[in-house]
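Below you'll find the structure, written out as structure tokens, and then a few comments.
The model shown is predicted, which means the values in this text are computed figures rather than measured ones. Hydrogens, waters and symmetry mates are skipped; everything else that's a heavy atom, side chains included, is used. Numbering starts at 1 and runs along the sequence shown.
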Amino acid sequence: MLFLSFLFFSCGRGRSSTLSESDFELERELKMLNKPYVKSFKDNYGVVFDCVDIYKQPAFDHPLLKNHILQMPPNSSSGTGLPTTGVSCPYGTVPIRRTLKEDLVRGRALRPVYKPTSTQDTSGIDGQHFAQVLLDCEKGKTFQSASASIEVYYLPMPSDAASTAQMLVVDDRSSNVTVVQAGWHIDPRREGDGQSRFLVFWTADDYKETGCLNMQCPGFVAVNPYIAPGMVLPIGSSIALAISRYDQTGNWFVYVNGMVVGYFPPAIVNGMDGSTQVQLGGIVYAPPGSKRPPMGSGIAPGPRSNNGAAKFKSVETRGCTKVKVRATKDVENSNIYDVMVTSDSEFQYGGPGDA
């Protein structure tokens, strides 16, 4: 069984030979990512979002999407959406978080990586810990969608630590492991603040070179005028999160509360036509030797359903008739982190760390 875990530590791609070459490359990337906009607004924490023409967004600068035609699922306008900034973009535009030079610098130094590990419940990465539920499909079939209700929390987070709750849809049928994912995280190093922010991520080569967080590279196609990767999520809320493949186009759509946020086109994810595994739960990172940060709600699971531990509820998948469910963690002490399956469609996870 393949187990993938969220790696927060630094893994730079190598430094440019001169500072001027590095700066030139950063400026080129900024110009590509920050498109002309018709309107801009700030969230309550000073982060700027630009309303960009939906047909001129950065995704279409990807070499494999030069001739891509914007596509929408049939039910893209249904659902309750998500109250975030209270601001929406004009018709025909989508909000895209404005990328700053320091965002790219941090992104290069802290590029998220997911590393396959053994089945022995260890990540093999110093400073990283997880408490997750793995769903495996029977041989010969694949998942076509996964959904769950995920609770959003605020956690006090040291400036060099991070905590996340995510859904990962994995295809490991080739050496180029392909993953699309979504959820929320608190990551002061990468986001520049300690807020709980919505995230998406993708890779088409096992996190070696392709893919990125949110829209810090061309790939993810935004379609919603209200919701965008990088927005702050309401603390104490439960968001209905889904990642679903639409058969007619092969796109992997990301939904929040019934409304589509955007999609990963098949061209950028190796034509991924199904998923062999779905991963749900929490992952944290702190520098080795530092105190381990809280995960989930900061409360470890317990026998009572109302004990305050974070939950994934209403977990559903489509495409597999026989699903193997396994809870896994890499910390023996259940008072630090734990994961507990409470029913066929619900589990608790998280803990206080070393607090």
Side-chain angles (χ1 to χ4, degrees), residues 1-11 109-135 148 150-168 170 177 179 181-191 194 196-197 199 201 203 206-207 213 277-302 307-312 325-342 347-355:
M1 180 188 299
L2 174 70
F3 177 74
L4 302 178
S5 50
F6 193 3
L7 173 59
F8 292 97
F9 77 108
S10 301
C11 62
L110 305 170
R111 186 175 188 268
V113 176
Y114 296 76
K115 183 179 176 60
T117 63
S118 69
T119 59
Q120 300 176 7
D121 295 338
T122 58
S123 69
I125 302 162
D126 289 342
Q128 176 180 299
H129 304 286
F130 55 85
Q132 294 180 307
V133 167
L134 310 183
L135 309 179
I150 303 177
E151 298 173 339
V152 181
Y153 292 92
Y154 167 79
L155 298 169
M157 196 62 50
S159 60
D160 57 356
S163 185
T164 181
Q166 293 191 56
M167 173 189 296
L168 297 88
V170 183
V177 177
V179 187
Q181 61 209 73
W184 63 267
H185 69 168
I186 301 173
D187 191 341
R189 302 175 308 157
R190 188 169 287 109
E191 295 286 6
S196 303
R197 293 185 178 272
L199 72 88
F201 195 93
T203 181
D206 200 11
Y207 301 87
L213 174 70
Q277 185 181 73
V278 174
Q279 301 180 22
L280 306 161
I283 308 160
V284 299
Y285 172 80
S290 302
K291 288 186 176 182
R292 288 168 287 196
M295 176 195 296
S297 67
I299 299 173
N307 64 354
K311 300 180 183 71
F312 275 61
V325 180
R326 185 170 76 91
T328 181
K329 61 175 185 171
D330 70 332
V331 175
E332 288 189 16
N333 189 338
S334 296
N335 292 320
I336 297 176
Y337 304 121
D338 201 6
V339 58
M340 180 182 298
V341 177
T342 54
F347 69 91
Q348 304 176 20
Y349 74 99
D354 293 320

**OP:** Take D187 and T164, measure what side-chain contact (heavy atoms from CB on, under 4.5 Å) needs, and give me the verdict at the end.
**Re:** CA-CA 8 Å; D187 191 341; T164 181; over 6 Å; no
**OP:** Might you work through the side-chain contact (heavy atoms from CB on, under 4.5 Å) test for R189 and Y285, ending with a clear yes or no?
**Re:** CA-CA 11 Å; R189 302 175 308 157; Y285 172 80; 3.9 Å; yes
**OP:** Taking all non-hydrogen atoms of both residues into account, name the closest pair between S163 and G296 and its distance.
**Re:** OG-N, 4.3 Å
**OP:** Mind running side-chain contact (heavy atoms from CB on, under 4.5 Å) on E191 and L199 for me, showing each step along the way?
**Re:** CA-CA 10 Å; E191 295 286 6; L199 72 88; 5.6 Å; no
Original post:
Run the side-chain contact (heavy atoms from CB on, under 4.5 Å) check on M295 and Y337 step by step: do they pass?
Top reply: CA-CA 7 Å; M295 176 195 296; Y337 304 121; 3.8 Å; yes
**OP:** Output the distance between atom CD1 (I186) and atom CZ (R197), rounded to the nearest 0.5 Å.
**Re:** 11.0 Å
Original post:
Would you say D206's side chain and V177's backbone share a donor-acceptor pair under 3.5 angstrom?
Top reply: no
Original post:
Restricting to pairs with a member in residues 289-299, which pass salt bridge (Lys or Arg N to Asp or Glu O under 4.0 Å), not counting sequence neighbours?
Top reply: R292-D354
Subject >> Flag side-chain contact, heavy atom, 4.5 Å: I283 against Q128 >> reply: yes
Original post:
What's the shortest heavy-atom distance between A286 and S290, and which atoms?
Top reply: CB-CB, 4.3 Å
Subject >> Residues that D160 engages under side-chain hydrogen bond (donor to acceptor under 3.5 Å, both in side chains), provided they are two or more places apart >> reply: none
**OP:** Could you tell me which non-hydrogen atom of S334 sits nearest to which non-hydrogen atom of A300, and how far apart they are?
**Re:** O-CB, 3.5 Å
Original post:
Distance from L168 atom CG to Q132 atom CD, nearest 0.5 Å?
Top reply: 7.0 Å
Mind listing the side-chain donor-acceptor pairs of residues 150-158 below 3.5 Å, one per line with the distance, residues two or more places apart or on another chain?
unit_1 : atom_1 : unit_2 : atom_2 : d
E151   : OE1    : Y153   : OH     : 2.7
E151   : OE1    : K311   : N      : 3.1

Subject >> Shortest non-hydrogen contact from P301 toward A309 >> reply: CA-CB, 3.7 Å
Original post:
For the atom pair CD (Q279) and CZ (R326), what is the distance rounded to the nearest 0.5 Å?
Top reply: 10.0 Å
Original post:
If every non-hydrogen atom of D338 is compared with every non-hydrogen atom of A131, which pair is closest and at what distance?
Top reply: O-CB, 3.5 Å
Original post:
Between the side chain of Q348 and the main-chain N/O of G302, is any donor-acceptor distance below 3.5 Å?
Top reply: yes
Original post:
Does the side chain of V133 come within less than 4.5 Å of V325's, by heavy atoms?
Top reply: yes
**OP:** Please identify each residue that fulfils ring pair (Phe, Tyr, Trp, His ring centres under 6.0 Å) with F312, with sequence neighbours left out.
**Re:** F347, Y349
Subject >> V284 to P293 - nearest heavy-atom pair and separation >> reply: CB-CG, 3.8 Å
